*Asks:* 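Dumping the structure here so I can ask a few things about it.
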Number of protein chains: 2
Amino acid sequence: MAEHGKSTTTDAVYDLLCRAIIEQSLKPGMRLPEDMVGEQFGVSRTIVRHALVRLETEGLVVSKRNRGAFVAEPTLEEARQIFEVRRCLETEVTRLLVERMPRSGFDALEAHVRREHGTKGKDGPVSIRLAGEFHILMAELSGNAVLAKYVTQVVRRCSLIMAMFANSHSADCAVDEHSQIIAAIRAKDTDRAVRLMEHHLGAVADRANFDGTPDTVESILARYGRELAQ
Amino acid sequence: MAEHGKSTTTDAVYDLLCRAIIEQSLKPGMRLPEDMVGEQFGVSRTIVRHALVRLETEGLVVSKRNRGAFVAEPTLEEARQIFEVRRCLETEVTRLLVERMPRSGFDALEAHVRREHGTKGKDGPVSIRLAGEFHILMAELSGNAVLAKYVTQVVRRCSLIMAMFANSHSADCAVDEHSQIIAAIRAKDTDRAVRLMEHHLGAVADRANFDGTPDTVESILARYGRELAQ
DNA sequence: GGATACTAGATCGTATCCAATTTGCGCCAG
DNA sequence: CTGGCGCAAATTGGATACGATCTAGTATCC
């Protein structure tokens, strides 16, 4: 977040942890002891704490007083709230893009969709991350940096949620929906684009089996099992 | 942000700095040397840096590499973007409140409006803060904590912007608009409530003389003057 | 007068220390 | 064998000192 200056050490640690969490290398609920993290990355505890503070303000980790930091475990209620905000923000992004898509915007979006197709059927975490980055790219093209930052945060938390709740046949089918959204924006059809985006996000949320299915016993036990296995 | 634990020292420093910035005791562009801040509050630089990291991620301060932290000076373009996001988020809050305003919600809102009336014509910074807290209260009543957090951040940055750009007859006239919004929500008139909210935010933005007037020479000089006077 | 080199000041990052609190274990009583 | 009590270990929260690094402003030289 340092304005123009090169990436500071804190930023590097933050980025690494961020990616590790989103790709589910660090699983939800897992502890992040400052000593261990600092030792692994070869930095002091101070830096790790700074990175953890940032991750906490963005909702990817939660820290319990005098107990340390943990990878966030969003509850279903939190997940619902996050998706609500995400729908709100991304429909705005869609509206803005219909109005003012920058010149090379469509090229960038279609290039990304091609990359998504490349990982079709491959391992889940990476395709979840790529799917999220499509939405982040859209937000950045909107020209509103503040909006893009919030979309980035929300999409990342959604990636974490998807990693927790998603069924095996995860987010692949969404790639076609991405293409449709691009087409609607290109056609300057605001209503259709927003409707597609809402449907897309609704589908993503459904795929994470929200409404209806509350926590099953095995999912809870699986989570506790992971924590134990740590 | 610590979940249930008591407020840690970092939180206290963060809150103090936050209020000081919003009430414009710390003026935009002012330097925040870690030594000085820590000395004034009686805490070590470690704590101050944590608080500054949080304030930076929320956009209230910017830190330049090896130069330290400064109170943010939003440009007009940033201000425009922030207001765009704010309108998006707060119309969503309004829609949600029409659907699901909690029981004691109207009492809380009207009590706040009365407090705003109490400071009518008094000093600007405090009434700017109160006006902002009305919107934050609305967001909290929406029942979506994530949405409320983002609204809080955006409103705070708007308070900073208002403090920078607002003319002398600042935000007092907005109190009546607050009452009208409450009435529309109570009547479950979504369209009217959203329209009022958009008009209200538009009026707030106008009051900060956005569109049309770019930076005047005197405002720029005033800012540099403040920085020099530091 | 303008460009370069140098010094002063601050931050960034590290290492180390102490205090507070939580956890987990053992011990003991019933 | 079960339940509660208390103590010790581990970890975070926080403070301080020190070196490295970068910026800014000054001084110098052409």
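Predicted model, so just to flag it, every value in this text is computed and none were measured. What's counted below: heavy atoms across the whole structure, side chains too, no hydrogens, waters or symmetry copies. Lettering of chains follows the sequences in order, A, B, ..., and the numbering in each one begins at 1.
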*Asks:* May I ask you to test the B:Met197-B:His135 pair for a side-chain heavy-atom distance under 4.5 Å?
*Replies:*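 Heavy-atom side-chain distance check passes, below 4.5 Å.
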*Asks:* Less than 4.0 angstrom from a charged side-chain N to a carboxylate O is my criterion; do B:Arg114 and B:Glu110 meet it?
*Replies:*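 Salt bridge flag = no for B:Glu110 with B:Arg114.
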*Asks:* Let's go through A:Arg80 and A:Glu84 carefully: what are the C-alpha distance in whole Å and the side-chain angles of both, what is the deciding distance for salt bridge (charged side-chain N to carboxylate O under 4.0 Å, His left out) to 0.1 Å, and is it a yes or a no?
*Replies:* CA-CA 6 Å; A:Arg80 204 189 52 73; A:Glu84 200 167 76; 3.5 Å; yes
*Asks:* Got A:Cys158 and A:Arg86 here, is their nearest side-chain heavy-atom distance under 4.5 Å?
*Replies:*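 Contact flag for A:Cys158/A:Arg86 side chains = yes.
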*Asks:* Do nucleotides 9-16 of chain C as a string where each nucleotide becomes B, S or -: B if the base has a protein heavy atom under 4.0 Å, S if just the sugar-phosphate does, - if no protein is that close.
*Replies:* -SBBBB--
*Asks:* Should A:Asp15 and A:Arg54 count as an ion pair when the cut-off is N to O under 4.0 Å?
*Replies:* no
*Asks:* Considering residues at least two apart in sequence or located in another chain, which fulfil the side chain to side chain donor-acceptor pair (under 3.5 Å) criterion with A:Glu34?
*Replies:*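 With neighbours one apart ignored, the set is A:Arg45.
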*Asks:* Do A:Ile47 and A:Thr8 have side chains that get closer than 4.5 Å, going by heavy atoms?
*Replies:* no
*Asks:* Walk along DNA chain D from 5' to 3' and tell me the first and last nucleotide with an atom closer than 4.0 Å to a non-hydrogen atom of chain B.
*Replies:*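 First-to-last contact on DNA chain D, by the 4.0 Å heavy-atom rule, is D:dG13 to D:dA24.
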